[in-house]
Amino acid sequence: MNQTDRSKHAIVIGASMSGLLAARVLSDHFERVTILERDVFPTETLARKGVPQGQHAHLLLGGGYRALLDLFPDLESELREAGGILIDLLDKGYLFLNGAFLAPAASNVTSALISRPNLEAIIRNRVLGLDNVVVQTKVAVTGLLTQGNNQVIGVQYDSAQNQQQLAADLVVDASGRGSRSPTWLETMGFAAPELNEVKVNVGYSTCIFERSDSELNGKLFMVIAPKAPDQKRGAVIIAQEGNRWVVGLIGMFGDHPPTDQAGFLEFARSLPTPEIYDIIKHATPLSEIVPYKYPSSLRRHYEKLKSFPQGFLVLGDAMCSFNPIFGQGMTVASLEAKALEASLCNGLDGLR
């Protein structure tokens, strides 16, 4: 777009992957983009409080990886420099599904194996390095500023216990699963979106181990999926930067893995195929065992509302949060950013 075609100011609520990718796209269409984030970013490449799954296994699917490459030129070289491992997903890993292994085969489905904190730090540094993007941390958005009954013109937020206001031509809610957008819409007189919930009661425990190139027959990840309806236990093991394995044990419907080393190993031994147990029973753990529980997938159907305010958009987990065992979250965030980019090519009218 020409500079004269740009709108003036966009606000993104939340510096999640979804929020960062939205800000990257908005930077091409707005003179200024402001990200408002509750957290303080870590000075090292560590998981942060606002990303509760940051310490666990993540896998960027092929479509998400291609979308990131479109949004960030030369990203592949930066991933390599950070220790990321670029692989053919269907050739360099094992998938154990429905009681059997799928045959590995070369394909054009490529991705990068890299820890979530490391990937997020790379994307965050790229986005915050843009001249027209700024971030304010330690702020909590408490409501929307409106004009009339159908136009959002900014946000109000708490910063250092002071209530402040910030005007914008577009507000994007990427605040995650705990989004307050349904309440804000009702305050404006709109209906709250229909909510679909799929209860899964998934729990998983994750530990980092030393990795040797000879393990797993030289493959770089393995997914063990429970065979429904009888099996409830699964696992993933994924190579990470720094010669490490991230190992996540997964239990469905309340059959959650323990967080002590003996119990962790016993759970791994109970899996329907022994490869992960055979690795970790001798490997050196490099972290504590970290648990996480996920009660249900949620979908807020904003697209079904008969009316919706102008100047406002909901993205990422604030709209739809997925069962994490399918590894879709970061990929969907990347594809949503590409969809936002396509819509904004028609200006703000493209969002309506």
Side-chain angles (χ1 to χ4, degrees), residues 53 56-70 75-77 79-80 82-116 118-119 202 204-228 230-252 257 264-265 267-283 322-332 334-335:
Q53 296 183 56
H56 300 280
H58 283 74
L59 186 62
L60 186 65
L61 303 180
Y65 183 66
R66 290 191 296 271
L68 287 184
L69 296 184
D70 287 342
L75 180 63
E76 279 195 340
S77 61
L79 292 172
R80 287 194 182 96
I85 306 167
L86 274 57
I87 66 164
D88 182 323
L89 281 176
L90 299 185
D91 188 39
K92 297 300 183 182
Y94 290 121
L95 299 176
F96 187 85
L97 306 175
N98 293 320
F101 284 101
L102 301 185
S107 72
N108 62 352
V109 182
T110 303
S111 190
L113 305 183
I114 187 169
S115 65
R116 168 63 184 262
N118 202 350
L119 177 61
V202 168
Y204 44 96
S205 296
T206 298
C207 188
I208 307 298
F209 292 88
E210 283 187 351
R211 177 173 69 89
S212 167
D213 290 340
S214 63
E215 293 168 332
L216 208 63
N217 297 323
K219 299 294 185 181
L220 295 169
F221 74 93
M222 182 175 182
V223 176
I224 300 174
K227 184 179 180 180
D230 299 324
Q231 296 177 355
K232 298 180 181 179
R233 296 184 174 187
V236 295
I237 183 169
I238 302 175
Q240 304 279 259
E241 64 274 17
N243 294 316
R244 301 176 299 162
W245 290 115
V246 56
V247 178
L249 304 183
I250 305 162
M252 304 285 289
F264 192 86
L265 285 173
F267 191 100
R269 192 174 69 85
S270 74
L271 295 170
T273 188
E275 286 78 7
I276 292 178
Y277 171 72
D278 288 343
I279 290 174
I280 67 174
K281 69 181 180 182
H282 298 302
F322 297 85
N323 185 336
I325 69 170
F326 299 117
Q328 297 169 321
M330 293 193 301
T331 294
V332 170
S334 303
L335 296 177

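Computed from a predicted structure; not experimentally measured.
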query = Would you call V246 and H56 a side-chain contact if the rule is heavy atoms closer than 4.5 Å?
reply = no

query = Are the side chain of S111 and the backbone N or O of L60 linked by a donor-acceptor pair below 3.5 Å?
reply = yes

query = Is a donor on one side and an acceptor on the other found under 3.5 Å between the side chain of N118 and the backbone of A82?
reply = yes

key: Over all atoms of both residues, closest heavy-atom pair of L97 and A225   = CD2-CB, 3.5 Å

query = Can you list the steps and then say if L249 with F264 is a side chain to side chain contact (heavy atoms under 4.5 Å, CB included)?
reply = CA-CA 8 Å; L249 304 183; F264 192 86; 3.6 Å; yes

query = Going from CD1 on I87 to NZ on K219, what distance comes out if it is rounded to the nearest 0.5 angstrom?
reply = 9.5 Å

ask   = Would you call the rings of F96 and F101 parallel, tilted or perpendicular, where under 30° means parallel and over 60° means perpendicular?
value = perpendicular

ask   = Are the side chains of D70 and Y65 in touch, meaning some heavy atoms are under 4.5 Å apart?
value = no

request  = Indicate yes or no: at least one non-hydrogen side-chain atom of V247 is less than 4.5 angstrom from one of F209.
outcome  = yes

Taking every non-hydrogen atom, the tightest pair across G234 and P226 = CA-CD, 4.0 Å

request  = Using modelled atom types only, decide if a donor and an acceptor are shared between the side chain of H282 and the backbone of I280 within a distance under 3.5 Å.
outcome  = no

Between E215 and W245: side-chain donor-acceptor atoms closer than 3.5 Å = yes

request  = Could you grab the distance from atom CD1 of I250 to atom CD1 of I224, nearest 0.5 Å is fine?
outcome  = 9.0 Å

message = Using 0.5 Å steps for rounding, measure from the CD1 atom of I85 to the CD atom of Q240.
response = 7.5 Å

inquiry  = Quick one: does any side-chain atom of T331 pair with a main-chain N or O of L61 as donor and acceptor, under 3.5 Å?
reply    = yes

inquiry  = Check this for me: R233, atom CZ, are more than 12 non-hydrogen atoms of other residues, nucleotides or ligands nearer than 6.0 Å?
reply    = yes

ask   = Can you tell me how far the CG atom of L119 sits from the NE2 atom of H58, to the nearest 0.5 Å?
value = 9.0 Å

query = Is there side-chain contact between V223 and Y94, with at least one heavy-atom pair below 4.5 Å?
reply = no

message = Between I279 and Y277, is there a side-chain heavy-atom distance shorter than 4.5 Å?
response = no

ask   = Is a side-chain N or O of E241 found less than 3.5 angstrom from the main chain of S115, in a donor-acceptor match?
value = yes

key: Full working for side chain to side chain contact (heavy atoms under 4.5 Å, CB included) between M222 and V236   = CA-CA 6 Å; M222 182 175 182; V236 295; over 6 Å; no

Distance, nearest 0.5 Å, that separates CD of E210 from CZ of R244 = 11.0 Å

Minimum heavy-atom distance P257-S205, with the two atoms named = O-OG, 3.1 Å

ask   = Is K227 close to P272 at the side-chain level, that is, under 4.5 Å between some pair of heavy atoms?
value = no

Minimum heavy-atom distance between G93 and P104, given as atom pair plus value = O-CG, 4.0 Å

ask   = Between L86 and A112, which heavy-atom pair has the shortest distance, and what is it?
value = CD1-CB, 3.9 Å

request  = Report the C-alpha separation of L59 and F326 in whole Å, then their side-chain angles, then the decisive distance to 0.1 Å, and conclude whether the side chain to side chain contact (heavy atoms under 4.5 Å, CB included) test is met.
outcome  = CA-CA 9 Å; L59 186 62; F326 299 117; over 6 Å; no

ask   = Would a distance-only check, ignoring hydrogens and angles, find a side-chain to backbone donor-acceptor pair under 3.5 Å from S270 to F267?
value = yes

ask   = Are side-chain N/O atoms of D88 and T110 paired as donor and acceptor at under 3.5 Å?
value = no

query = Thinking salt bridges, do K232 and D230 make one under a 4.0 Å N-O criterion?
reply = no

remark   = Distance col, row I238:CD1 vs R211:CZ, nearest 0.5 angstrom, shows 12.0 Å

